[in-house]
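Written below as structure tokens is the structure these notes are about.
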Amino acid sequence: MPIRELPPQLVNQIAAGEVVERPASVVKELLENSLDAGATRIELDLEQGGLKLCRVRDNGVGIPPDELELALARHATSKIASLDDLNCIASLGFRGEALPSIASVARLRLVSRRADSDSGWAVEAENGAVNTPVPAPQNPGTAVEVRDLFFNTPARRRFMKTERTEFGHVRRMVERLALTRFSTALRLTHNQRPILDLPAADSREQWEARLARLLGDAFVEHALYIDRAADGMRLWGWLARPTFSRSQPDLQHFVLNGRAIRDKLVGHAVRSAYTDVLFHGRHPAYVLYLELDPLTVDVNAHPSKQEVRFRDSRGVHDFVRRSVEAALADTHAGAATSGTAAGAPGSAAYRPQALQPGLGLSSAVVRETLSTYQDLAPVAESEQDIPPLGYALAHLHGAFILAQNRDGLVIVDAHAAHERVTYEQLKAAQARGGIQRQPLLVPLTVAVSESEADLAEQHRLQLERLGLVVDRGGPDRLIIRETPALLRGGDPDALLRDLIGDLRLAGGAERLEQQLDDVLAGMACHGSVRANRRLTIDEMNALLRDMERTERSDQCNHGRPTWTVLTIAELDRLFARGR
């Protein structure tokens, strides 16, 4: 075939293949145009999932009548005019392809009115033909009607899913855009039925009300608010606590300068910050907003404009990771406890009533239990003297610490809590230049394979930096002479075997250094209190105080919660007291 220029209608339909994938694509382009026009209220009406009708009305600045036809021409835009503008894009749209692409695969009607104009003007387009603008009633702003999507491209129409599926895509798109502009009110109807009606939000309380409406109350209840700035960048928004992790990355929203993006760089930065506090295979939930100079980011790097390119990618990655890490580090156990419930006996001086004989226990057992009960915790002079996690009462089944604070009953997973405390101490010791070692009174000989002994001998200095001094005692023998001081009472044999396994898996000392946090987490697990090891009251109270001082102590190294509280009000409801 000879080379020839394609007809304009075919060119537009080819372009539409990139811009208009389904009704949700139309909604995205039209809503972004409204936001760029400064709209503070947008109404979206859909029929049949957007295939029959997609109407967007806004109160933005409007389009002059002499520019209406030009708005439907390819690569015509009011948002950029030069290469310098392209290098500093602050608007959501800028290529001028959306309206003509949509008009090439649907019946489009555009009505707009400027605030200083007496009436609106309308223009219609179908199959590439654009009518002359005519006067039409219209409030200040713009209304775009898109009917019969893909009516002239039946092959594309056949690829559309059911009405319910297409509407689901539209709704998710609308909700994602609603998170980018809290100051814009947004109303959505489908087949004349109201779906969403989001008022403008101008305060943090109203922002969180919108978050709860779109993402659920549970997200807001588990979210930490973050607002940090450095090096010309600002990161703010909400991070869900690690205990609210997800099986899929379906609740992750990142907004860059008002544009919703799904960028690998920032996604990796956030995941890296959650590394210490999530189960393997779990995903964090967040809504984060990054603000920086538009000159330092290229939003024209990907056709969908969802991936961007940063001039200083390492700087952005480090800033996001450090900011999220710092916010998560503030999750000290006990920091989120509320005030004392009204009417609750909320001091450490409160003692349960004496047990009465006749409950199937011998009087000697009762007397012994009562005598133990009376000396469980120090008596605070006032509620203000009670620490957030309170004072220990008992060790339940060798696994859980029961404590009493101002709010009620605190329950702590002793192993999980001690694991987090030990891990943070190991990381701090490593950062200070090395983990302090403690000599064994009697060196421990460990039987290993010859290859394992070779590996330990080869990486002897590496093991020493981790607090383990090991000599070779024969072809298949290793002698442990010193262990990490923080892990006193642990199992040196199992620790050595696991570290050798890490060395084999890492393939070398350099790789092990990169995986050091994982190694330290494993060491912390070895040094943590085990189930069925009875703890004294003093040991339990010491662990509670350590939790209150330790970063990220709300959850263990795997993302499991370390503690919870049953308030007096909850206990009253549990036993129907006061009814």
Side-chain angles (χ1 to χ4, degrees), residues 172 175-176 178-180 204 207-208 210-228 233-256 259-291 306-308 310 313 316-333 335-336 413 416-417 419-420 423-424 427 514-515 517-518 520-521 524 550-564:
R172 285 189 290 273
E175 291 175 346
R176 188 154 57 245
L179 292 173
T180 68
R204 179 175 161 186
W207 299 341
E208 292 180 350
R210 178 175 286 199
L211 287 178
R213 178 72 176 85
L214 297 175
L215 307 180
D217 292 329
F219 173 81
V220 177
E221 290 170 3
H222 290 84
L224 302 167
Y225 183 72
I226 175 178
D227 193 343
R228 298 176 185 270
M233 294 178 282
R234 179 193 177 201
L235 184 72
W236 65 280
W238 294 264
L239 300 163
R241 295 175 183 272
T243 49
F244 188 72
S245 63
R246 315 276 289 184
S247 61
Q248 301 292 330
D250 59 343
L251 215 166
Q252 298 180 352
H253 298 274
F254 200 95
V255 180
L256 170 66
R259 180 190 303 277
I261 65 170
R262 293 189 180 277
D263 189 77
K264 295 177 182 178
L265 178 88
V266 294
H268 182 271
V270 177
R271 284 197 309 274
S272 299
Y274 272 88
T275 298
D276 282 351
V277 292
L278 280 188
F279 270 122
H280 179 70
R282 302 291 292 182
H283 300 270
Y286 54 83
V287 179
L288 292 174
Y289 301 82
L290 177 63
E291 298 172 5
Q306 292 212 5
E307 292 186 19
V308 298
F310 296 99
S313 57
V316 172
H317 183 282
D318 289 347
F319 170 68
V320 172
R321 179 181 55 79
R322 288 197 310 268
S323 299
V324 175
E325 278 183 345
L328 295 174
D330 287 339
T331 57
H332 298 260
D413 182 332
E419 185 177 359
R420 167 57 68 182
Y423 177 43
E424 294 297 334
K427 286 200 300 182
Q514 297 173 8
Q515 297 177 337
D517 282 351
D518 291 338
L520 295 180
T550 300
E551 295 179 344
R552 306 177 185 87
S553 58
D554 268 354
Q555 60 279 319
C556 75
N557 309 344
H558 314 293
R560 293 189 292 110
T562 57
W563 71 288
T564 189

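Using a 4.5 Å heavy-atom threshold, the side chains of R321 and R271 count as separate. The shortest distance between side-chain heavy atoms of V287 and V255 does not fall below 4.5 Å.
In this structure, R262 does not pair ionically with E307, as no charged nitrogen and carboxylate oxygen lie closer than 4.0 Å. In this structure, D554 does not pair ionically with R420, as no charged nitrogen and carboxylate oxygen lie closer than 4.0 Å.
Judged purely by atom type and a 3.5 angstrom limit, T180 has no side-chain atom pairing as donor or acceptor with the backbone of R176. When atom types are taken as modelled, the side chain of S553 and the backbone of T550 share a donor-acceptor pair closer than 3.5 angstrom.
Listed by chain and number, the residues in a side-chain hydrogen bond (donor to acceptor under 3.5 Å, both in side chains) with R282 are S245 (sequence neighbours excluded).
The CE atom of M233 lies 5.5 Å from the CZ atom of F319; values are rounded to the nearest 0.5 Å. Here the straight-line distance linking atom CZ of R204 with atom CH2 of W236 works out to 10.5 Å at 0.5 Å rounding. For the atom pair L239 CG and L224 CG, the distance stands at 6.5 Å (nearest 0.5 Å).
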| said: Quick one, E208 with W238, criterion side chain to side chain contact (heavy atoms under 4.5 Å, CB included). Give me CA distance, side-chain angles, the key distance, then yes/no. | reply: CA-CA 9 Å; E208 292 180 350; W238 294 264; 2.9 Å; yes

Under 3.5 Å, sequence neighbours excluded: what are the donor-acceptor pairs made by side chains of residues 214-222?
from: H222; atom 1: ND1; to: A218; atom 2: O; distance (Å): 2.8

